[in-house]
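The structure presented is a predicted model; accordingly, all values stated were derived computationally and were not measured. Chain naming here is simple, since letters A, B, ... match the order of the sequence lines and numbering starts at 1 in each.
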Protein chains: 2
Amino acid sequence: MQAKKRLSEAVMRRLPRYLRYFTELKENGITKISSSELGEKMGMTASQIRQDFSYFGGFGQQGYGYSVEVLYDSMKRILLKEQGFTVIIIGAGNLGTALAKYNNFHKRGFDIIGIFDINPKLIGKTINGTEIMSIDRLEDFIAQHETDIAILSLPRSETKAIAARVANAGVKGLFNFSPMDLKLPHEIPIENVHLSDSLMVLGYKIKNFQEEK
Amino acid sequence: MQAKKRLSEAVMRRLPRYLRYFTELKENGITKISSSELGEKMGMTASQIRQDFSYFGGFGQQGYGYSVEVLYDSMKRILLKEQGFTVIIIGAGNLGTALAKYNNFHKRGFDIIGIFDINPKLIGKTINGTEIMSIDRLEDFIAQHETDIAILSLPRSETKAIAARVANAGVKGLFNFSPMDLKLPHEIPIENVHLSDSLMVLGYKIKNFQEEK
DNA sequence: TAGATTGTTAATCGATTAACAATC
DNA sequence: TAGATTGTTAATCGATTAACAATC
């Protein structure tokens with residue numbers, strides 16, 4: 001076991017997928033697995049799996065394989081925070097509302113503690129027990145409730161300004177749904193979900209898949 | 001100008017981002033740009049941009065740079081279909097409804113021609129002018145309306161079976177929102193949007209970003 | 001102990017960057 | 001024509017795969 005170089009982006013993006021598979025194995029009562037069995041299941045090489053795990057010092061035992069329990073616990077510890085992450089949603093439109101009601105976030109340890117909108121008609125209503133507040137109360141709320149993540153489900157035109165406000169107020173990371181590359185002066189981690197981009201990639205693949213036949 | 005080897009996945013995934021920037025340049029009335037200026041704007045090297053474009057034979061003129069008009073038209077032609085893509089949404093829950101109302105898909109040439117659900121209370125209602133139909137009519141509808149893409153915004157437990165049904169019925173690609181890796185017997189292009197995975201990546205980045213300071 | 005499978009080092013493959021000749 | 005900037009070839013970098021010694 002040894003400390004290795006900084007985890008690469010490629011490996012990091014595979015971690016949630018590992019966690020999904022470990023959860024499934026656990027639920028199915030499987031207690032041990034080898035890198036080659038896991039590779040078969042996940043559609044990747046055994047070598048890559050062992051290489052990935054070695055970034056964390058390795059989770060297995062030579063000659064035996066991996067304990068699913070150890071895999072699951074280790075990956076959870078690596079990816080999640082003990083107390084969970086606190087999340088606010090800014091923009092209670094269709095998408096914001098859908099995300100507020102999306103149960104998988106909560107299951108994974110992401111707790112929605114506040115929702116904000118500019119529309120007076122929405123303010124005061126609740127979604128899944130969380131109140132929609134005026135965007136004016138944003139800084140105030142963040143000052144009073146430690147907030148890890150702000151989900152930005154806003155019109156493109158509003159996104160940059162609101163992103164700067166929450167970053168200044170002390171939010172630690174942004175989950176952005178606007179079709180733009182968000183860059184901030186005050187540097188914090190940002191994850192962009194570009195739905196139209198993904199759909200266009202699919203469209204391109206379809207066009208090419210057809211042509212190949 | 002020459003036909004080159006098959007476009008790599010990495011380059012392909014950058015194409016929608018190029019299109020976004022070309023659209024913006026056009027809207028701002030900029031008519032020409034060099035690879036170094038574009039690289040600066042997009043946060044990538046001029047070399048990578050020229051290399052990427054060369055997969056399509058190159059869009060520029062030596063000594064001059066690139067015509068924004070040419071860039072925009074070329075990328076649109078590469079990514080989109082003349083008549084647009086036809087899309088159905090399966091699952092009219094919170095997420096499905098939000099996607100049906102999401103204007104950016106339509107702007108990019110993806111037209112929602114049908115919505116399906118199993119819930120009798122929803123059937124017959126319309127979202128943005130599109131009727132919600134019973135899932136029983138799925139095969140029937142696809143047979144009558146050429147359907148490029150099915151968006152799957154369904155419970156995890158339903159996803160696999162419905163995916164197989166639409167693939168069999170002749171849909172050409174799947175846009176899957178369930179937190180699972182969809183594999184089908186009948187091989188067609190699939191794009192997965194794993195929102196929880198992305199959020200976990202953000203969580204991991206936040207944890208590490210904090211530690212580094 | 002013998003067999004199995006890891007963790008790690010080495011080899012390969014692919015993607016990005018640098019350099020430069022071609023040419024507008 | 002001279003200057004600029006492309007398209008492309010070569011060099012570098014990083015990620016994946018293969019091989020194998022360590023060891024349970």
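Side-chain proximity of A/Ser34 to the nucleotides C/dT5, C/dA15, C/dG7 is greatest for C/dT5. Ranking D/dG7, C/dT6, D/dA15 by closeness to the A/Ser35 side chain, first place goes to C/dT6. Across C/dA22, D/dT16, C/dT8, the shortest atom-to-atom separation from the side chain of B/Gln62 is found for C/dA22. Nearest nucleotide to the side chain of B/Ser54, out of D/dC24, C/dA22, D/dT8: D/dT8.
No engagement by A/Phe53 is indicated, since no non-hydrogen atom pair under 4.0 Å with the nucleic acid exists. Among the heavy atoms of the strands lying under 4.0 Å from A/Ser47 is at least one base atom, whether or not backbone atoms are also near.
For the side-chain contact (heavy atoms from CB on, under 4.5 Å) with B/Val166, the lone residue among B/Leu184, B/Ile188, B/Ile142 that qualifies is B/Ile142.
With hydrogens and angles ignored, a donor-acceptor pair under 3.5 angstrom links the side chain of A/Gln51 to the base of C/dT9.
Pairing of D/dA10, defined by two Watson-Crick or G-U wobble distances under 3.5 Å, is identified with C/dT17. The base-pairing partner of D/dC24, taking Watson-Crick or G-U wobble contacts with both distances under 3.5 Å, is C/dG3.
Remark: A/Arg14 is in phosphate contact with D/dT16, judged by side-chain N or O atoms under 4.0 Å from OP1 or OP2. Phosphate proximity of C/dG7 to A/Tyr66: present, with a side-chain N or O under 4.0 Å from OP1 or OP2. Taking 4.0 angstrom as the limit, B/Thr45 places none of its side-chain polar atoms (N or O) nearer than this to OP1 or OP2 of C/dT16.
Centroid-to-centroid, the aromatic rings of A/Phe85 and A/Phe110 come within less than 6.0 Å. Ring pair A/Tyr21/A/Tyr18: centre-to-centre distance not below 6.0 Å. When ring centroids are compared, A/Phe177 and A/Phe175 come within the 6.0 Å threshold.
Distance A/Leu38 CG to C/dT6 C1': 14 Å, rounded to the nearest Å. With rounding to whole Å, A/Arg50 atom CZ is found 12 Å from C/dT9 atom C1'. Whole-Å rounding puts the A/Glu9 CD to D/dT16 P distance at 12 Å. Atom CZ of B/Arg6 is separated from atom P of C/dG14 by 13 Å (rounded to the nearest Å). Atom-to-atom, NZ of B/Lys32 to P of D/dA4 comes out at 11 Å; the value is rounded to the nearest Å. The distance between atom OH of A/Tyr64 and atom C1' of D/dC24, rounded to the nearest whole Å, is 11 Å. A straight line from CD1 of A/Ile49 to P of C/dT6 spans 9 Å, rounded to a whole angstrom. Protein atom CD of B/Gln48 is 16 Å distant from nucleotide atom C1' of D/dA11, rounded to whole Å.
Salt-bridge check for A/Arg13 with B/Asp197: failed, with every basic side-chain N at 4.0 Å or more from each acidic carboxylate O.
With DNA chain D read from its 5' end, the first of the two nearest nucleotides for B/Ala46 and A/Asp52 is the one closest to B/Ala46. The residue among A/Gln61 and A/Ala10 whose nearest nucleotide of DNA chain D lies closer to the 5′ end is A/Ala10.
Both tests pass for A/Lys32 against the ring of A/Tyr64: distance under 6.0 Å to the centre and angle within 45° of the axis.
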